[in-house]
Amino acid sequence: MILLPTPIQDLINAFSRLPGIGPKTASRLTFYLLTAPDELSQDLASALGDLKSKTTYCQTCFNITDAGLMQCEICTNQDREQGVLCVVEEPLDVLAIERTHGYQGRYHVLQGVLSPIEGISPEDLKIRELVSRVSEGEISEIILATNPSMEGDATAMYLRQQLAPLGVHITRLARGLPVGGDLEYADQHTLLRALTGRQEMEN
Ligand SMILES: [Zn+2]
């Protein structure tokens, strides 16, 4: 058995813990970095160092923003509609919807989705924060834009139950997005169509 020097094995192990990266890819990336110009490793190391230390979550919508800020750019932008809130699972979904250029309201990022299998319950998501935000009364429409997956649909149903007593207009993205798919991978036009064709949520 050939033993690799510890720093190499450590990096392979670290890459292997990332989603979608198996031991083979982890080894390939590691050996690529070993032979690539030093600058690449340095850039990666500094970007990784900054990743958590220089970012934070917006205290209003829980989207990702620069460290030291209480609110993200979208929440502080006075030109955005105050009365419409789009509820998404992840910060990447905000990017996907922004790319459509068809939405002028604000967001609420749940930071996940309900999943009994993975043990994710309402308390693990930013649902309490959403309900209290809506209770303040400035919001008139809520677009539930969780992914068109089983968990995404179940989460939308749960949110509807929680929000209905507050008397807001609740809509769900129109069908047409690939079922089981991810908002972030939907193409711009499909997503825009789903957004403009959003439908009243039935009981
Ligand atoms: Zn925000």
Side-chain angles (χ1 to χ4, degrees), residues 1-75 87-100 107-130 145-156 158 177-188 190-191:
M1 182 180 171
I2 304 164
L3 285 175
L4 292 166
T6 311
I8 295 183
Q9 193 58 57
D10 285 350
L11 188 56
I12 293 176
N13 293 346
F15 274 135
S16 302
R17 289 162 66 189
L18 296 174
I21 296 190
K24 268 192 186 168
T25 307
S27 303
R28 209 179 318 130
L29 289 172
T30 301
F31 279 93
Y32 178 80
L33 286 169
L34 202 58
T35 52
D38 289 358
E39 196 195 343
L40 178 56
S41 297
Q42 285 154 6
D43 287 352
L44 259 175
S46 100
L48 283 174
D50 290 347
L51 185 63
K52 292 238 172 176
S53 65
K54 295 196 177 170
T55 58
T56 190
Y57 290 104
C58 171
Q59 290 307 296
T60 301
C61 74
F62 301 97
N63 191 10
I64 197 86
T65 190
D66 290 298
L69 297 179
M70 290 293 284
Q71 282 193 315
C72 71
E73 257 180 67
I74 294 175
C75 286
V87 179
V88 295
E89 294 177 22
E90 307 283 353
L92 279 175
D93 299 328
V94 172
L95 279 185
I97 292 176
E98 286 298 290
R99 272 198 301 264
T100 68
Y107 294 92
H108 192 89
V109 182
L110 295 171
Q111 295 190 351
V113 73
L114 294 177
S115 170
I117 295 167
E118 289 177 43
I120 300 171
S121 59
E123 301 77 57
D124 300 314
L125 306 177
K126 300 294 177 193
I127 293 178
R128 200 164 14 96
E129 291 82 353
L130 172 65
T146 48
N147 287 332
S149 62
M150 245 168 64
E151 289 89 353
D153 283 339
T155 306
Y158 178 83
L177 290 169
V179 174
D182 237 314
L183 233 61
E184 66 178 279
Y185 301 127
D187 75 87
Q188 240 167 285
T190 310
L191 190 51

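These figures come from a predicted structure and were not determined experimentally.
With rounding to the nearest 0.5 angstrom, the CG atom of Leu29 is 14.0 Å from the NZ atom of Lys24. Separation of atoms SG (Cys72) and CD (Gln59) is listed at 11.0 Å; rounding is to 0.5 Å. Expressed to the nearest 0.5 Å, how far CD1 of Ile117 lies from CE of Met150 amounts to 6.0 Å. To the nearest 0.5 Å, atoms CD1 (Ile8) and CZ (Phe31) are separated by 4.5 Å. Rounding to the nearest 0.5 Å places NZ of Lys126 at 12.0 Å from OG1 of Thr60. With values rounded to the nearest 0.5 angstrom, Asp153 atom CG is found 9.5 Å from Asn147 atom CG.
Taking the ring-ring contact (aromatic ring centres under 6.0 Å, His included) definition, one finds that Phe62 meets it with His108, sequence neighbours left out.
Side-chain atoms of Ser16 and Asn13 form no donor-acceptor pair, as typed in the model, at a separation below 3.5 Å. Side-chain contact, Ser115 with Glu151: no donor N or O sits under 3.5 Å from an acceptor N or O.
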Val87 and Leu110: CA distance, side-chain angles, deciding distance, side-chain contact (heavy atoms from CB on, under 4.5 Å) verdict:
CA-CA 7 Å; Val87 179; Leu110 295 171; 3.7 Å; yes
Between Ser121 and Asp124, does the side-chain hydrogen bond (donor to acceptor under 3.5 Å, both in side chains) criterion hold? Intermediate values first, please.
CA-CA 6 Å; Ser121 59; Asp124 300 314; 3.2 Å; yes
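In terms of modelled atom types and a separation under 3.5 Å, the side chain of Gln188 and the main chain of Arg99 share a donor-acceptor contact. Here the side chain of Asp93 pairs a donor or acceptor atom with the backbone of Glu90 at under 3.5 angstrom. A distance-only check finds a donor-acceptor pair linking the side chain of Thr155 to the backbone of Leu114 [under 3.5 Å]. Checking side-chain atoms of Asp43 against main-chain N and O of Leu40 turns up no donor-acceptor pair under 3.5 Å.
Residues Tyr57 and Gln111 are in side-chain contact: their nearest non-hydrogen atoms beyond the backbone lie under 4.5 Å apart. Contact check for Tyr107 versus Asn63: no side-chain heavy atoms found under the 4.5 Å cut-off. Arg28 is not listed as a side-chain neighbour of Phe15, based on a closest heavy-atom distance of 4.5 Å or more. Side-chain atoms of Ile97 and Leu191, non-hydrogen and from C-beta on, do get closer than 4.5 Å to each other.
What you find for Thr65 and Gln71 is that their closest heavy atoms are OG1-O, 4.2 Å. Across Ser149 and Gly152, no two heavy atoms sit closer than the pair OG-N, 3.0 Å. Taking all atoms of both residues into account, the shortest heavy-atom contact from Ile21 to Ala26 is CG2-N, 3.7 Å.
With a 6.0 Å radius and a threshold of 12 heavy atoms from other residues, nucleotides or ligands, Glu98 has its CD atom above the threshold.
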